[in-house]
A.B. asks: 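Below are the structure tokens for one structure; questions will follow.
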Protein chains: 4
Amino acid sequence: MAQSDTVTRILDTAEVLFAERGFAETSLRNITSKAKVNLAAVNYHFGSKKALIQAVFSRYLDPFTQRFHAALDELENRYNGQVIPLEELLETMARTVLEVPAERNSLKVFMRLLGLAYSQAQGHLRRHIQSEYGEAFTRFTELVRQATPELPDAERFWRLHFMLGTVIFTLSGLDALRDIAAKDYQEQVTVKDLVRRMRPVVVAAMNAPLPEPAGERHVHAAT
Amino acid sequence: MAQSDTVTRILDTAEVLFAERGFAETSLRNITSKAKVNLAAVNYHFGSKKALIQAVFSRYLDPFTQRFHAALDELENRYNGQVIPLEELLETMARTVLEVPAERNSLKVFMRLLGLAYSQAQGHLRRHIQSEYGEAFTRFTELVRQATPELPDAERFWRLHFMLGTVIFTLSGLDALRDIAAKDYQEQVTVKDLVRRMRPVVVAAMNAPLPEPAGERHVHAAT
Amino acid sequence: MAQSDTVTRILDTAEVLFAERGFAETSLRNITSKAKVNLAAVNYHFGSKKALIQAVFSRYLDPFTQRFHAALDELENRYNGQVIPLEELLETMARTVLEVPAERNSLKVFMRLLGLAYSQAQGHLRRHIQSEYGEAFTRFTELVRQATPELPDAERFWRLHFMLGTVIFTLSGLDALRDIAAKDYQEQVTVKDLVRRMRPVVVAAMNAPLPEPAGERHVHAAT
Amino acid sequence: MAQSDTVTRILDTAEVLFAERGFAETSLRNITSKAKVNLAAVNYHFGSKKALIQAVFSRYLDPFTQRFHAALDELENRYNGQVIPLEELLETMARTVLEVPAERNSLKVFMRLLGLAYSQAQGHLRRHIQSEYGEAFTRFTELVRQATPELPDAERFWRLHFMLGTVIFTLSGLDALRDIAAKDYQEQVTVKDLVRRMRPVVVAAMNAPLPEPAGERHVHAAT
DNA sequence: AATGAATGAGTCTTCATTCAT
DNA sequence: TATGAATGAAGACTCATTCAT
């Protein structure tokens with residue numbers, strides 16, 4: 001077996017299984033037996049299961065940040081100092097997210113990991129991600145700020161995370177939702193489909209009117 | 001030890017630990033030792049770990065669905081056959097969601113559990129939830145359908161779940177997000193704050209224009 | 001529920017389950033849940049699982065020994081001091097064995113239990129049986145001794161157990177053997193059929209010539 | 001520790017303990033601790049307790065069938081088309097059964113398993129054995145048929161199983177019977193002893209006169 | 001007299017990891 | 001460099017039994 005063939009097979013298999021079942025529910029035995037690789041190979045090549053998870057993650061994240069920066073460069077070039085419209089920014093983000101995983105499952109894995117990073121109490125994963133792709137996110141946020149000058153900073157922060165929730169929730173729980181949708185709408189949605197559907201929603205959400213100031217809510221005000 | 005004190009202690013502890021770590025990462029040993037209860041008690045009272053997970057959920061969902069149905073009854077009464085505006089529906093949902101766990105001061109836990117139900121493998125859990133509160137959700141969906149007659153059914157389905165993602169992600173990852181926000185905006189958000197902020201976003205998202213049909217996407221069409 | 005109804009239900013159920021699965025493989029939970037009786041009832045009424053096993057046996061052995069003694073009394077009376085022929089003794093045994101469980105239509109169960117008593121570890125059970133019906137067996141053995149004066153004692157002991165093996169194995173594994181036989185010989189045997197077939201075999205076996213003394217076996221002596 | 005030393009030690013120990021106590025009453029802990037082997041080793045090497053039981057079984061059965069076929073070959077060669085006498089066939093069977101287990105306990109284990117295979121409700125074990133050594137048994141049965149041409153097929157079938165009962169019951173319940181015999185006859189029987197004693201009994205049983213036809217039984221016909 | 005609750009010891013099995021080769 | 005074997009810790013679950021009521 002070629003040198004790094006084993007490494008690749010492990011990564012490929014782990015990616016699929018992680019996406020299907022989650023991290024805790026996927027054992028190294030599952031991975032190595034499906035990858036037809038020695039059980040000890042994971043520990044030999046990666047050191048530990050944790051390290052394998054991060055490796056799977058990095059294989060997506062590294063090219064993503066690289067491409068994302070490149071795409072933003074191109075965008076800034078094109079607009080040459082002018083404000084980049086919000087739609088362009090979101091579009092660029094979406095395109096890059098979709099482009100990277102030649103392998104299809106890694107997107108789900110990536111989203112799942114992102115979801116974990118935010119929901120898990122221990123912040124170590126969050127910090128790892130923030131130090132890895134925080135810079136790209138900060139750059140993106142700043143461009144969004146310029147595209148939505150009327151939004152208070154805090155509002156923008158929350159709305160971006162509202163949308164992050166939409167994306168992560170939808171894509172990481174994709175299988176579950178697909179099950180439900182398929183039963184009711186005979187429709188086999190693809191990731192691209194979903195992204196297409198998300199676009200107007202996200203734009204509208206970001207451009208929504210500001211909320212009434214705190215304390216002035218009237219429950220039946222709509223009537 | 002009092003009658004069903006044990007049951008309550010198990011549920012309370014399991015709830016917290018599940019929310020903190022997820023289902024697979026929480027062992028019965030973790031739960032029973034923290035709850036100061038015999039290891040076999042879980043199996044005695046609930047039958048299995050699976051059943052315990054479902055019981056944790058039911059303790060939320062049972063009162064929730066009950067209240068939710070009551071609230072929708074009241075709403076239908078008030079509107080007396082007329083179409084109930086989307087804002088009212090969302091408002092009612094939000095209020096009920098907030099009321100129920102308020103008693104236990106554990107909205108965050110509930111949301112995290114819901115998130116897990118969607119993202120973690122546990123197919124049994126999703127099925128359990130669907131059969132338990134599916135009816136309430138269906139009723140709600142139908143009212144939303146009447147309030148948004150112009151939306152295709154599939155579109156509405158997905159948008160509702162997009163928004164579900166927003167809510168679950170934001171409220172379940174509240175601590176993490178609060179950390180980040182506090183550092184940057186000196187602002188200590190409350191759950192009510194967030195719900196206030198979400199309202200216009202959710203309404204705008206639901207009312208967003210329809211996406212371009214599949215296959216016709218032009219990347220730079222927005223310009 | 002009537003007083004000893006519970007006891008009867010436990011015994012009935014235990015009997016069936018023990019015969020189906022063996023003692024160790026049948027839990028008190030199995031028994032009590034199938035008998036629709038409280039889990040603690042076995043320990044309450046019988047004291048322990050061991051005692052339950054013995055009780056199941058006694059319910060057969062008590063009437064059996066009683067009848068067997070009566071039948072032997074009648075036989076001795078009839079032969080009035082003369083030697084009772086072996087065929088009569090075996091016949092009497094067979095008849096009594098068939099009569100007792102006939103009331104409960106559970107000869108098979110009884111045989112399976114007897115088989116278990118010999119083959120399973122349960123030393124306590126063997127000892128219990130020996131002290132319970134050992135006397136009847138001793139009496140029977142002595143009559144057989146008189147009917148077969150030429151047989152050394154040890155030889156008679158073993159041959160009786162050889163035949164016990166035949167009977168227990170055949171009747172306790174009846175279903176399995178019936179399956180095989182039915183497939184090959186289109187014949188649906190009844191218990192009475194089998195007993196009829198066993199009679200000449202058992203007689204011949206008991207009357208077989210003595211074995212060559214130990215150490216003098218010649219493998220090809222038959223030629 | 002040497003290569004498959006562990007496997008052998010597990011098999012050896014399991015064999016002894018299974019024979020002493022039965023399968024359900026022997027825990028993997030019992031085995032591994034007595035074999036001075038890690039608790040997980042059984043599952044590592046055999047996969048499950050069930051598989052271990054079958055492995056113990058196969059270690060006896062595989063060489064047995066092989067030798068048995070060889071012995072029958074030799075016999076057929078020697079008799080060169082002539083009918084092989086029943087005594088020779090039984091003798092060959094007995095010899096092969098005794099030869100195989102260099103380790104002494106496996107015979108008892110083997111017999112116990114055979115007993116289980118017939119008496120247990122679930123036929124899976126019976127089917128396993130039938131597919132494993134059914135061919136050898138069929139071959140043997142056919143030779144017995146030629147040696148006892150006067151016997152109706154059904155009669156032969158049942159008599160063979162009567163004798164199987166004798167052998168299995170005696171050898172699998174050996175410890176129990178030995179206990180009883182030792183108390184009464186100061187005699188420490190060996191397996192070889194028993195087989196010597198069985199020989200004339202089995203021959204006589206197979207050659208017993210045919211039973212009276214069904215329906216003509218007269219209980220006191222012997223007088 | 002009878003039972004629901006509880007328990008401690010035990011079951012088999014699976015885990016990620018290590019080690020000798 | 002790579003792997004089959006082995007391992008200690010932990011997993012969920014079941015057991016017969018006890019106890020307070």
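Quick caveat: nothing in here was measured; it's all calculated off a predicted structure. In what follows, every chain begins at residue 1, and chains take the letters A, B, ... in the order their sequences are listed.
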A.B. asks: Treat primed atoms plus P, OP1 and OP2 as sugar-phosphate and everything else as base, then score nucleotides 16-21 of chain E 5' to 3': B for base contact with protein heavy atoms under 4.0 Å, S for sugar-phosphate contact only, - for none.
C.D. replies: BBB---

A.B. asks: Does a nitrogen or oxygen in the side chain of D:Asn38 sit under 4.0 Å from OP1 or OP2 of F:dG8?
C.D. replies: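 Affirmative; the distance criterion is met.
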
A.B. asks: Does E:dA6 pair with anything, Watson-Crick or G-U wobble, both distances under 3.5 Å, and if so, with which nucleotide?
C.D. replies: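 Paired with F:dT17.
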
A.B. asks: Give the rounded distance in Å between these two atoms: CG of B:Asn30 and C1' of F:dA9.
C.D. replies: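 Distance, rounded to whole Å: 13 Å.
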
A.B. asks: Before accepting this row, confirm whether a basic side-chain N of the pair B:Arg112/B:Glu20 lies closer than 4.0 Å to the acidic partner's carboxylate O.
C.D. replies: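 No.
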
A.B. asks: Rounded to the Å, how far apart are A:Asp5 CG and F:dT1 P?
C.D. replies: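 Atom-to-atom, A:Asp5 to F:dT1, this comes out as 16 Å.
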
A.B. asks: State the NE2-CG distance between C:His45 and C:Leu11, to the nearest 0.5 angstrom.
C.D. replies: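 Here the rounded value is 10.5 Å.
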
A.B. asks: Verify the distance criterion only: is there a donor paired with an acceptor across the side chains of B:Ser27 and B:Asn30 at less than 3.5 Å?
C.D. replies: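 Result is yes, a qualifying pair exists.
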
A.B. asks: Treating D:Arg21 as the side-chain partner and D:Thr26 as the backbone partner, does any N or O pair qualify as donor plus acceptor under 3.5 Å?
C.D. replies: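 Here the side-chain-to-backbone pair does not exist.
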
A.B. asks: What is the separation between atom NZ on C:Lys36 and atom C1' on E:dT3, rounded to the nearest whole Å?
C.D. replies: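 Computing the C:Lys36:NZ to E:dT3:C1' distance gives 18 Å.
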
A.B. asks: Taking only the side-chain nitrogens and oxygens of B:Thr6, find out if one of them lies under 4.0 Å from OP1 or OP2 of E:dA6.
C.D. replies: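 Result: yes.
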
A.B. asks: To the nearest angstrom, how far is D:Phe46 atom CZ from E:dT14 atom C1'?
C.D. replies: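 Result: 18 Å.
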
A.B. asks: Name the pairing partner of E:dC12, where a pair is Watson-Crick or G-U wobble with both distances under 3.5 Å, or state none.
C.D. replies: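 The answer is F:dG11, by the H-bond criterion.
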
A.B. asks: Check this for me: does any side-chain nitrogen of one of B:Asp12 and B:Lys34 sit under 4.0 Å from a carboxylate oxygen of the other?
C.D. replies: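 Salt bridge between B:Asp12 and B:Lys34, a charged N being under 4.0 Å from a carboxylate O: no.
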
A.B. asks: Between C:Tyr60 and C:Phe110, how do the two ring planes meet: parallel, tilted or perpendicular, split at 30° and 60°?
C.D. replies: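 Because their plane-to-plane angle is under 30°, the rings of C:Tyr60 and C:Phe110 count as parallel.
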
A.B. asks: For E:dA6, does OP1 or OP2 lie under 4.0 Å from any side-chain N or O of B:His45?
C.D. replies: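 For E:dA6, OP1/OP2 do have a side-chain N/O of B:His45 under 4.0 Å.
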
